[in-house]
Amino acid sequence: MAKMAFCFWILLLSLPLLISAGRSGVVSQNTFEVKKQLKQLNKPAVKSIKSPDGDVIDCVHVSHQPAFDHPLMQNHTIQMRPNFYPEGVSEESMKITSSSKSSKPINTQLWHTKGRCPKGTIPVRRTKRKDLLRASTIKSYGKKVHKSIPKPRSADPGFTSQSGHQHAIVYVEGDKYYGAKATLNVWEPKIQQPNEFSLSQIWILGGTFGEDLNSIEAGWQVSPDLYGDNNTRLFTYWTSDAYQATGCYNLLCSGFIQINNEIAMGASIYPVSAYKGSQFDINILVWKDPKEGNWWMQFGNNYVLGYWPAFLFPYLSDSASMIEWGGEVVNSESEGQHTSTQMGSGHFPDEGFGKAGYFRNIQIVDGSNNLRDPKDIGIFTEQPNCYNVKTGKMGEWGNYFYYGGPGRNPNCP
């Protein structure tokens, strides 16, 4: 009996050491995984630039970028320019433009105030340890939540936002689409919870809204979880399986091949629009190279950023079946209430220019590689009292729409 009691006390006294050792093992494993992931994402830099917003931009040799970690990219020859541009791409100045229609040079990204990357390199926003630790898991860093795509009622009449994502978009479907273009003004919407985001983008879609959805996305976003701040940032995203295992934001996995040395994916856009003040907008064009089949992205008219290789997208190999333009937010319904995370400017479309978010000159690329106005535009929003859309057509703006809203308000409790 005395021997059993002695063993019990020995075990009891050893428990803290065993627990501590277990915790140490977990911490050690996490530290190893973090270091491994950081090494994978942060390639050796030719030059590094410290941005005023705290970002570090690494100038990485174009052939050393993350895209080439993909096994199918080992022998890939970089396509340094598109074979074809869509007919009808305007020659206007491609820098960010202001509401005064001025073409004076404006810094497109904040880090430009501290330097530029040399030719032969691309600017890559450095991933930091704290970035990875904000993610729910290290593997999920830089990935969207499954089923976050806006699914218009035409695709499923009974659809409601069950994923916690809400949208205010316009869309076209029922034809073959080889690209899309838009000019959208840039805002800095307020985010209620760090795990929520607000974005405005173009979606290029193929496949079904099931497990095989292919999506190419580009626009601007505010995402505290992803970036650690509330800055408005240029972003891209892609997936070939409805956000399950493939794809990521920006250059956070193998996929997008960047060729441009001036624009950094995920870097802050500067300046942004002010309510009742100056409006600043950006142009985004995504199109399919008819010869190689790669999907290219252009930021304004001067910055061809790079391309998504054709092999990534089995359901975009010929064309897209739907194009969407508009806003998306995460609504986590904290304490049972709708989020107050803003979309666009945080104001409803009815307020109009200088006050609401807009997309103007929305166009699609057709089978003859021509930019043209979309036909039969549809509208989709889950809760118009929270975020809404208002379309129009006029003069220099072509097809346009105002969109967005404040989220929680007396009519959206």
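- Put simply, the side chain of Ser273 gets close to the backbone of Val186: a donor and an acceptor are under 3.5 Å apart.
- Closest of all the heavy-atom pairs between Gly207 and Ser321 is O-OG, 4.1 Å.
- Inter-residue side-chain proximity for Tyr403 and Ile169 is flagged as unmet; no heavy-atom pair is nearer than 4.5 Å.
- At a threshold of 4.5 Å between non-hydrogen side-chain atoms, the residues Val172 and Ile377 count as touching.
- The backbone N or O of Thr339 sits less than 3.5 Å from a side-chain atom of Asn331, completing a donor-acceptor pair.
- Paired with Arg408 under the rule side-chain contact (heavy atoms from CB on, under 4.5 Å), one option of Gln342, Glu333, Gln337 passes, and it is Gln337.
- No option in Glu196, Lys190, Gln193, Gln192 other than Glu196 meets the side chain to side chain donor-acceptor pair (under 3.5 Å) test with Thr341.
- Side-chain atoms of His338 and Gln166 include a donor-acceptor pair closer than 3.5 Å.
- Judged purely by atom type and a 3.5 angstrom limit, Gln383 has no side-chain atom pairing as donor or acceptor with the backbone of Asn385.
- Just one residue in the list Lys114, Arg126, Arg233 forms a side chain to side chain donor-acceptor pair (under 3.5 Å) with Asp55, and that residue is Arg233.
- Without hydrogens or angle criteria, Arg134 side chain to Asp225 main chain gives a donor-acceptor distance under 3.5 Å.
- Note on Arg372 versus Asp175: salt bridge recorded, some NZ/NE/NH1/NH2 to OD/OE distance being below 4.0 Å.
- No donor-acceptor distance shorter than 3.5 angstrom exists from the side chain of Lys276 to the backbone of Gly354, with no hydrogens or angles considered.
- Ring centroid separation for the pair Phe197 and His165 comes in under the 6.0 Å cut-off.
- Heavy atoms only, all atoms of each residue included: Leu205 and Ser215 are closest at CD2-OG, 3.3 Å.
- There is no side-chain donor-acceptor pair under 3.5 Å between Glu351 and Tyr402.
- Using modelled atom types, one finds a donor on one side chain and an acceptor on the other under 3.5 Å when comparing Glu211 with Gln244.
- Taking the six-membered ring where tryptophan is involved, the planes of Phe359 and Phe401 are essentially parallel, since the angle between them stays under 30° and well short of 60°.
- The pair Lys43-Asp69 counts as a salt bridge, with a side-chain nitrogen and a carboxylate oxygen less than 4.0 angstrom apart.
- Of the N and O atoms on the side chains of Gln79 and Asp289, at least one donor lies less than 3.5 Å from an acceptor on the other residue.
- Val365 is not listed as a side-chain neighbour of Lys288, based on a closest heavy-atom distance of 4.5 Å or more.
- Ring pair Tyr358/Tyr400: centre-to-centre distance not below 6.0 Å.
- Side-chain atoms of Ser223 and Tyr249 form no donor-acceptor pair, as typed in the model, at a separation below 3.5 Å.
- Within the 3.5 Å criterion, the main-chain N or O of Phe380 finds no donor-acceptor partner in the side chain of Tyr171.
- Around atom OH of Tyr315, no more than 12 heavy atoms belonging to other residues, nucleotides or ligands sit under 6.0 Å away.
- For the residue pair Asp58 / Ser48, a side-chain donor-acceptor distance below 3.5 Å is found, with atom types taken as modelled.
- Centroid-to-centroid, the aromatic rings of Tyr307 and Trp295 stay 6.0 Å apart or farther.
- Here Tyr275 and Trp187 keep their ring centres 6.0 angstrom or further from each other.
- Thr183 and Asn283 are linked by a side-chain donor-acceptor pair at a separation below 3.5 angstrom, with hydrogens and angles left out of the test.
- Although no hydrogens or angles enter the test, the distance criterion places no donor-acceptor pair under 3.5 Å between the side chain of Arg360 and the main chain of Gly398.
- Closest heavy-atom contact between Pro189 and Trp220: CD-CZ3, 3.6 Å.
- Looking at Asn185, its side chain never comes within 3.5 Å of a backbone N or O of Phe280 through a donor-acceptor pair.
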Quiz item: Should Phe311 and His70 be marked as a ring pair (Phe, Tyr, Trp, His ring centres under 6.0 Å) after you check the CA-CA gap, both sets of side-chain angles, and the distance that decides it?
Solution: CA-CA 12 Å; Phe311 74 81; His70 196 292; 5.3 Å; yes
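- Looking at heavy atoms from C-beta onward, Asn409 lies in side-chain contact with Phe348 at the 4.5 angstrom threshold.
- No side-chain donor from either of Ser345 and His347 sits under 3.5 Å from a side-chain acceptor of the other.
- Around atom CG of Asn411, more than 12 heavy atoms belonging to other residues, nucleotides or ligands sit under 6.0 Å away.
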